[in-house]
Amino acid sequence: MGYIREIRQKVGHDEILCVGAGVWVYQNGQLLLQRRRDNGCWGMHGGCVELGEEVEAAARRELREETGLVAGRLELFGVFSGEDMRYTYPNGDKVSIVGVHYLCREFTGALSPQAEELSALRWFPLDALPADITPPDRRSLDALIQFLQHEPQ
């Protein structure tokens, strides 16, 4: 049983602090997004860090579990926290997330969406991203777009 499940058994839906490890996958001018089953929105790949787990290892694990991709080099993109990282999941669970986000441009493997957590994986050009981005990912995505648009070609 994972750490978050254990905590949820004790506190129910009360707000908890969660360290999230997230990965933006970018290649050939396109961003790979996942459509979440819980809220129907698009977002990054990631999840909560387990007790004793290194954040980068959690990011790699989540990417592999959710997409089938094995990350090569991960670039630390940013750490996101604050009011816009507080979220209530559709099941009522409340979290305040400290998100450690990475950019992945190098990977191997074939796309294989994790059926229980997501309904689709899709590549999007930066100028045609969907509007329905899961709320905790919005600020990070906006920062990523700014970063990538100003990156030397």
Side-chain angles (χ1 to χ4, degrees), residues 1-8 10-27 30-107 111 113-114 116-124 126 129-151:
M1 175 181 297
Y3 173 69
I4 296 298
R5 282 195 188 119
E6 288 180 30
I7 294 297
R8 286 288 173 213
K10 296 175 183 176
V11 302
H13 296 301
D14 289 354
E15 188 171 21
I16 61 172
L17 184 63
C18 168
V19 176
V23 181
W24 294 113
V25 178
Y26 180 73
Q27 193 171 64
Q30 296 193 60
L31 196 59
L32 179 66
L33 299 179
Q34 61 172 263
R35 185 179 285 276
R36 300 173 57 97
R37 284 203 182 275
D38 61 358
N39 65 8
C41 294
W42 292 94
M44 73 168 61
H45 321 286
C48 291
V49 178
E50 295 291 335
L51 289 177
E53 186 177 31
E54 292 182 4
V55 177
E56 185 174 317
R60 290 176 181 282
R61 173 181 54 78
E62 290 287 346
L63 181 66
R64 187 186 71 254
E65 289 174 359
E66 294 177 352
T67 69
L69 300 179
V70 176
R73 187 171 71 90
L74 291 177
E75 302 169 48
L76 179 60
F77 177 67
V79 178
F80 297 84
S81 60
E83 282 300 315
D84 59 347
M85 296 298 285
R86 294 176 89 176
Y87 183 68
T88 302
Y89 289 96
N91 71 356
D93 288 352
K94 297 176 182 170
V95 291
S96 180
I97 303 165
V98 176
V100 181
H101 299 172
Y102 294 88
L103 176 58
C104 177
R105 302 176 205 238
E106 302 167 3
F107 54 86
L111 289 180
Q114 182 185 41
E116 62 199 41
E117 287 189 29
L118 47 126
S119 61
L121 289 170
R122 184 169 156 207
W123 290 99
F124 291 91
L126 289 183
L129 294 171
D132 55 340
I133 300 296
T134 195
D137 293 353
R138 179 85 264 177
R139 182 164 41 114
S140 178
L141 177 59
D142 290 344
L144 180 69
I145 292 166
Q146 286 286 95
F147 173 76
L148 292 171
Q149 287 177 337
H150 293 96
E151 194 174 44

>> Suppose the criterion is salt bridge (charged side-chain N to carboxylate O under 4.0 Å, His left out): which pairs have a residue in residues 70-80, not counting sequence neighbours?
In response: R73-E75, E75-R105

>> For residues 88-101, which residue pairs pass the salt bridge (charged side-chain N to carboxylate O under 4.0 Å, His left out) check, not counting sequence neighbours?
In response: R8-D93

Do [X] and [Y] have side chains that approach each other closer than 4.5 Å (heavy atoms only, starting at C-beta)?
X: E62; Y: T67; result: no
X: L32; Y: Y26; result: no
X: L33; Y: L121; result: no
X: M85; Y: R139; result: yes
X: L126; Y: L148; result: yes

How long is the span from the [atom1] atom in [X] to the [atom2] atom in [Y], to the nearest 0.5 Å?
X: L118; Y: E65; atom1: CG; atom2: CD; answer: 11.0 Å
X: I133; Y: C41; atom1: CD1; atom2: SG; answer: 8.0 Å
X: L129; Y: L141; atom1: CG; atom2: CG; answer: 5.5 Å

Looking at [X] and [Y], what are the two nearest heavy atoms and their distance?
X: C104; Y: G72; answer: SG-N, 4.5 Å
X: I97; Y: G20; answer: CG2-N, 4.2 Å
X: A71; Y: L63; answer: CB-CD2, 3.8 Å
X: H150; Y: Q146; answer: ND1-O, 2.7 Å
X: A21; Y: A58; answer: CB-CB, 3.9 Å

> Residues in disulfide (SG to SG under 2.5 Å) with C48, at least two apart?
Replying inline: C18

> Where do R122 and Q34 land on the side-chain contact (heavy atoms from CB on, under 4.5 Å) test, with the steps shown first?
Replying inline: CA-CA 7 Å; R122 184 169 156 207; Q34 61 172 263; over 6 Å; no

> What residues, two or more places apart in sequence or in another chain, satisfy side-chain hydrogen bond (donor to acceptor under 3.5 Å, both in side chains) together with R138?
Replying inline: D142

> Tell me, which pairs form a ring pair (Phe, Tyr, Trp, His ring centres under 6.0 Å) where one or both residues lie in residues 52-80, sequence neighbours left out?
Replying inline: F77-F147, F80-H101

>> Enumerate the ring pair (Phe, Tyr, Trp, His ring centres under 6.0 Å) contacts for residues 33-75, please, sequence neighbours excluded, ordered by first and then second residue.
In response: W42-F124

> So which pairs with a foot in residues 15-24 pass side chain to side chain donor-acceptor pair (under 3.5 Å), sequence neighbours left out?
Replying inline: E15-R86, W24-S140

> By ring-ring contact (aromatic ring centres under 6.0 Å, His included), which residues pair with Y87, not counting sequence neighbours?
Replying inline: Y89

> Backbone N or O of L69 within a donor-acceptor pair of the R64 side chain at under 3.5 Å?
Replying inline: no

> Is the side chain of D137 donor-acceptor paired with the backbone N or O of M44 at a distance under 3.5 Å, no angle test?
Replying inline: yes

>> Between L103 and L144, does the side-chain contact (heavy atoms from CB on, under 4.5 Å) criterion hold? Intermediate values first, please.
In response: CA-CA 9 Å; L103 176 58; L144 180 69; 4.0 Å; yes

> side-chain contact (heavy atoms from CB on, under 4.5 Å) between W123 and L31: does it pass, once the steps are laid out?
Replying inline: CA-CA 5 Å; W123 290 99; L31 196 59; 5.7 Å; no

[X]: what forms a side-chain contact (heavy atoms from CB on, under 4.5 Å) with it, not counting sequence neighbours?
X: E116; result: Q114
X: L17; result: S96, V98
X: E56; result: R60, L74, Y102
X: D14; result: V11

> Between V95 and I4, does a side-chain contact (heavy atoms from CB on, under 4.5 Å) hold up when you go through it step by step?
Replying inline: CA-CA 10 Å; V95 291; I4 296 298; over 6 Å; no

